[in-house]
Amino acid sequence: MKNQETLSSGKLRMIIILSVTAFLLAIPLVAMQFTNEVDWTLSDFVTAGVLLLSTGLAIELVIRNLKAGALRTIVLVVILLALFLIWAELAVGIFGTPFAGS
């Protein structure tokens with residue numbers, strides 16, 4: 001019985017990850033219909049999708065494999081910090097790498 005609960009909660013988390021990713025990608029898609037200030041290309045959507053999905057899947061992996069505690073919290077914070085730093089670098093180039101936006 002416990003195995004079925006774990007399986008269903010894992011499926012639910014995957015649905016949430018996919019839904020949140022789709023919702024976040026829909027925001028600039030809708031904004032592009034109303035303003036010229038948002039100008040994403042297909043590669044922007046692909047890059048953002050890969051970044052968001054990989055972050056969600058990394059979080060799912062940590063939740064499944066690490067028991068609740070300080071280590072789990074630290075790893076989750078590091079994953080989210082990496083997401084925000086990579087996103088900021090791609091958007092405005094805070095570190096000045098060649099991957100920075102123009």
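In this text the structure is predicted, and so the values were computed from the model without any measurement.
Checking D44 against T41 by side-chain atom types alone, a donor-acceptor pair falls below 3.5 Å.
Residue L12 holds its CG atom at 10.0 Å from CD1 of I17, rounded to the nearest 0.5 Å. Atoms CG and CG, from L83 and L52 in turn, are 6.5 Å apart once rounded to the nearest 0.5 Å. Put simply, CG on L90 and CG on L85 are 11.0 Å apart, with the number rounded to the nearest 0.5 Å.
Transitive grouping of hydrophobic side chains (ILVMFWY, heavy atoms separated by less than 4.5 Å) brings I79 and V20 into a common cluster. In the hydrophobic clustering of this structure, I86 does not group with V78; members are Ile, Leu, Val, Met, Phe, Trp, Tyr whose side-chain heavy atoms approach within less than 4.5 Å, directly or through other members. Under a hydrophobic clustering in which Ile, Leu, Val, Met, Phe, Trp and Tyr are joined whenever their side-chain heavy atoms come within less than 4.5 Å, directly or via other members, L66 and L61 fall into different clusters. I63 and V77 fall into different hydrophobic clusters, where Ile, Leu, Val, Met, Phe, Trp and Tyr residues are linked whenever their side-chain heavy atoms come under 4.5 Å apart, directly or through other members.
Pairing each heavy atom of E89 with each of I94, the nearest pair is OE1-N, 3.0 Å. Annotation for L57 and M14: closest pair CD2-CE, 3.4 Å, computed over non-hydrogen atoms. Nearest heavy-atom pair, V38 versus M32, reported as atom, atom and distance to 0.1 Å: O-CG, 3.3 Å. Between L25 and A48, the closest heavy-atom pair is CD2-CB, 3.6 Å.
Residues in residues 52-95 take part in no ring pair (Phe, Tyr, Trp, His ring centres under 6.0 Å) pair, two or more places apart or across chains. For residues 29-54, the ring pair (Phe, Tyr, Trp, His ring centres under 6.0 Å) pairs, not counting sequence neighbours, are W40-F45.
A search for side-chain contact (heavy atoms from CB on, under 4.5 Å) contacts involving L18 returns L53, not counting sequence neighbours.
Between the side chain of T35 and the main chain of A31, no donor-acceptor pair closer than 3.5 Å is present. For the pair T73 (side chain) and G69 (backbone), a donor-acceptor distance under 3.5 Å is present.
Exactly one residue among N65, V62, I59 makes a side chain to side chain contact (heavy atoms under 4.5 Å, CB included) with V75. That residue is V62.
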